[in-house]
Engineer: 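Structure provided below as structure tokens; questions to follow.
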Amino acid sequence: QVHLVESGGGLVQAGGSLRLSCAASGRTFSSYAMGWFRHAPGKDREFVAAIIWGGSNTYYAGSVKGRFTISRDNAKDTVYLQMNSLKPEDTAVYYCAADPRDYNDYRTYNYWGQGTQVTVSS
């Protein structure tokens with residue numbers, strides 16, 4: 001089992017930055033691919049970013065590419081999502097997840113955090 005806890009959400013003005021953290025406990029963190037998803041009211045859960053194994057492979061949704069950066073620190077069992085140039089449309093609950101079969105399909109992830117709210121005001 002892997003237990004995931006997100007933190008770092010909050011209220012920020014458009015153009016601002018936030019860094020989300022996802023702390024993992026349980027089984028060996030470094031063996032898992034990790035992903036970030038977001039869920040806004042009235043919308044489907046959306047893939048944001050994923051990082052594979054040691055961190056050499058990263059993937060991003062087109063809507064966040066160039067603004068968001070996913071990274072991981074295996075020594076701290078933590079994955080991060082640095083979010084810059086935030087837009088009101090980035091407002092959502094952000095979730096980290098682990099151990100997917102398909103990194104951009106939320107249905108294939110085995111472990112989820114509880115989510116953290118990000119609100120971007122215009």
Side-chain angles (χ1 to χ4, degrees):
Q1 284 289 339
V2 174
H3 183 57
L4 305 173
V5 179
E6 301 99 332
S7 61
L11 173 64
V12 64
Q13 288 187 331
S17 299
L18 285 174
R19 188 176 81 156
L20 306 183
S21 299
C22 174
S25 60
R27 295 175 65 180
T28 306
F29 171 77
S30 61
S31 67
Y32 291 104
M34 303 289 296
W36 285 97
F37 288 80
R38 64 188 182 187
H39 194 187
K43 297 184 178 180
D44 291 335
R45 191 169 298 199
E46 177 187 16
F47 168 75
V48 175
I51 188 164
I52 311 301
W53 304 114
S56 59
N57 294 325
T58 57
Y59 304 91
Y60 297 93
S63 57
V64 306
K65 198 168 187 178
R67 301 188 297 123
F68 291 11
T69 302
I70 188 171
S71 62
R72 68 192 296 165
D73 185 337
N74 288 335
K76 296 182 178 180
D77 290 344
T78 301
V79 64
Y80 304 98
L81 185 68
Q82 177 66 45
M83 305 185 296
N84 298 329
S85 302
L86 283 161
K87 304 175 181 179
E89 52 263 43
D90 294 318
T91 295
V93 178
Y94 283 71
Y95 298 89
C96 72
D99 191 26
R101 296 193 307 277
D102 181 353
Y103 69 85
N104 65 355
D105 185 346
Y106 72 90
R107 298 167 296 180
T108 71
Y109 280 75
N110 285 316
Y111 305 104
W112 289 86
Q114 84 289 350
T116 186
Q117 177 71 47
V118 171
T119 303
V120 184
S121 63
S122 57

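Both backbone and side-chain heavy atoms feed into the values below; hydrogens, waters and symmetry mates do not. These numbers were taken from a predicted model, which means no experiment stands behind them.
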Engineer: With Arg45, which residues qualify under salt bridge (charged side-chain N to carboxylate O under 4.0 Å, His left out), at least two apart?
Structural biologist: none
Engineer: Check whether Glu6 reaches the backbone of Gln114 with its side chain - one donor and one acceptor, N or O, closer than 3.5 Å.
Structural biologist: yes
Engineer: Please evaluate residues Asp105 and Phe47 with respect to the criterion side-chain contact (heavy atoms from CB on, under 4.5 Å), reporting the C-alpha separation (whole Å), side-chain torsions for both, the decisive distance (0.1 Å), and the verdict.
Structural biologist: CA-CA 7 Å; Asp105 185 346; Phe47 168 75; over 6 Å; no
Engineer: Could you tell me if the side chain of Arg38 sits less than 4.5 Å from the side chain of Asp90, heavy atoms only?
Structural biologist: yes
Engineer: At what distance, to the nearest 0.5 angstrom, does CD of Glu46 lie from NE2 of His39?
Structural biologist: 10.0 Å
Engineer: Mind checking whether Ser63 and Glu89 have side chains closer than 4.5 Å, heavy atoms only?
Structural biologist: no
Engineer: Indicate every side-chain donor-acceptor pair of residues 97-104 with a distance under 3.5 Å to a residue at least two apart or in another chain.
Structural biologist:
| from | atom 1 | to | atom 2 | distance (Å) |
| --- | --- | --- | --- | --- |
| Asp99 | OD2 | Asn110 | ND2 | 2.8 |
| Asp102 | OD1 | Asn104 | N | 3.4 |

Engineer: If hydrophobic clusters are built by linking Ile, Leu, Val, Met, Phe, Trp and Tyr wherever their side-chain heavy atoms come under 4.5 Å apart, do Tyr80 and Leu4 end up in the same one?
Structural biologist: no
Engineer: Do Asp44 and Tyr106 touch side chain to side chain, with heavy atoms closer than 4.5 Å?
Structural biologist: no
Engineer: Could you tell me if the ring centre of Phe37 sits under 6.0 Å from that of Tyr109?
Structural biologist: yes
Engineer: Would you say Trp36 and Phe68 make side-chain contact, with heavy atoms under 4.5 Å?
Structural biologist: no
Engineer: Mind checking what makes salt bridge (charged side-chain N to carboxylate O under 4.0 Å, His left out) contact with Asp77, not counting sequence neighbours?
Structural biologist: none
Engineer: Counting only N and O atoms by type, is there a donor-acceptor contact under 3.5 Å from the side chain of Thr119 to the main-chain atoms of Thr91?
Structural biologist: no
Engineer: Answer yes or no: is there a side-chain heavy-atom contact under 4.5 Å between Val79 and Leu81?
Structural biologist: no
